[in-house]
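These notes are about the structure you will find just below.
This chain uses plain numbering: 1 for the first residue, then up along the sequence. Keep in mind that the numbers below use all heavy atoms, side chains included, and drop hydrogens, waters and symmetry copies.
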Amino acid sequence: MGAPQPLPDEVALDGVEEFLTTICTTTVAWPHEPAGVDYHATEGRSWRNWLSDDGARLDRLPEPGAGPTADEEPDTADASARGTADELLLGFYGRIPFDSLKLDGNGRIFDQLVAWAPEQ
């Protein structure tokens with residue numbers, strides 16, 4: 001496999017959003033307590049993955065300084081991961097340890113996400 005190589009910022013940001021949109025969304029019920037998980041790229045983009053009986057959905061959070069919208073309350077996440085977009089993407093694909101990112105909140109949710117294999 002070789003050592004992970006850095007990606008250009010815009011490519012990494014697109015990769016994070018694509019991973020979260022395609023891999024981290026489903027209509028299969030989340031089998032644990034409902035939760036909100038935020039992913040923050042230091043380049044300025046953030047996403048919230050909502051996990052509930054309705055499945056998993058994704059929202060892009062407002063840019064820093066833009067303030068929350070009526071539907072989004074950025075301060076209510078149960079867990080969050082922060083790093084560069086490149087680090088987030090490498091963590092998603094297991095190329096670096098996910099716990100090498102800055103993790104806050106209920107870390108057990110990340111373990112549950114990794115173990116979850118929704119089937120439709």
Side-chain angles (χ1 to χ4, degrees):
M1 244 199 229
Q5 300 297 310
L7 295 169
D9 289 350
E10 209 48 49
V11 172
L13 285 165
D14 287 347
V16 169
E17 188 154 317
E18 182 175 338
F19 183 93
L20 291 171
T21 301
T22 59
I23 303 298
C24 297
T25 60
T26 182
T27 57
V28 175
W30 172 245
H32 307 286
E33 290 293 317
V37 179
D38 285 356
Y39 298 95
H40 303 287
T42 57
E43 294 86 353
R45 268 193 225 161
S46 295
W47 302 264
R48 173 150 312 142
N49 195 200
W50 297 98
L51 308 164
S52 71
D53 288 342
D54 294 328
R57 69 178 175 85
L58 185 73
D59 290 322
R60 188 187 283 187
L61 297 176
E63 297 287 328
T69 65
D71 296 334
E72 299 168 292
E73 298 175 6
D75 59 342
T76 60
D78 298 292
S80 67
R82 179 179 307 276
T84 65
D86 188 60
E87 291 168 335
L88 287 169
L89 197 55
L90 290 170
F92 292 156
Y93 283 102
R95 296 296 308 271
I96 63 171
F98 200 76
D99 61 6
S100 68
L101 300 167
K102 183 179 182 328
L103 304 179
D104 289 311
N106 184 350
R108 184 179 59 140
I109 296 170
F110 292 112
D111 295 333
Q112 292 170 335
L113 276 166
V114 169
W116 187 33
E119 296 179 17
Q120 292 197 3

Student check: side-chain heavy atoms of [X] and [Y] closer than 4.5 Å:
X	Y	value
Leu61	Trp47	no
Trp116	Pro31	yes
Leu13	Glu17	no
Trp30	Trp50	no
Glu43	Val16	no
Leu101	Leu88	yes
Leu103	Phe98	yes

Those residues that, when tested against Asp9, pass salt bridge (charged side-chain N to carboxylate O under 4.0 Å, His left out) (two or more places apart): none
task: Considering non-hydrogen atoms only, spot the tightest contact between Ala56 and Leu51 and give its length.
output: CB-CD2, 3.6 Å
task: Spell out, as yes or no, whether a donor-acceptor pair under 3.5 Å connects the side chain of Asn49 to the backbone of Cys24.
output: yes
Donor-acceptor pairs under 3.5 Å, side chain of residues 78-86 to any protein atom, not counting sequence neighbours: which ones?
unit_1, atom_1, unit_2, atom_2, d
Asp78, OD2, Gly36, N, 2.8
Thr84, OG1, Glu87, N, 3.0
Thr84, OG1, Glu87, OE1, 3.4
Asp86, OD1, Leu7, N, 3.0

task: Find the distance between CG (Leu20) and CZ (Arg57) and round it off to the nearest 0.5 Å.
output: 13.5 Å
- line: Distance col, row Asn106:CG vs His32:NE2, nearest 0.5 angstrom, shows 11.0 Å
query: Can Arg108 and Glu33 be counted as an ion pair, charged N to O under 4.0 angstrom?
result: no
message: I'd like to know if Arg48 and Asp38 make a salt bridge, using a cut-off of under 4.0 Å between side-chain N and carboxylate O.
response: yes
query: In terms of ring plane angle, is the pair Tyr39 and Phe92 parallel, tilted or perpendicular, where the classes change at 30° and 60°?
result: perpendicular
message: If hydrophobic residues (ILVMFWY) are linked whenever their side-chain heavy atoms come closer than 4.5 Å, directly or via other members, who joins Leu90 in its cluster?
response: Ile96
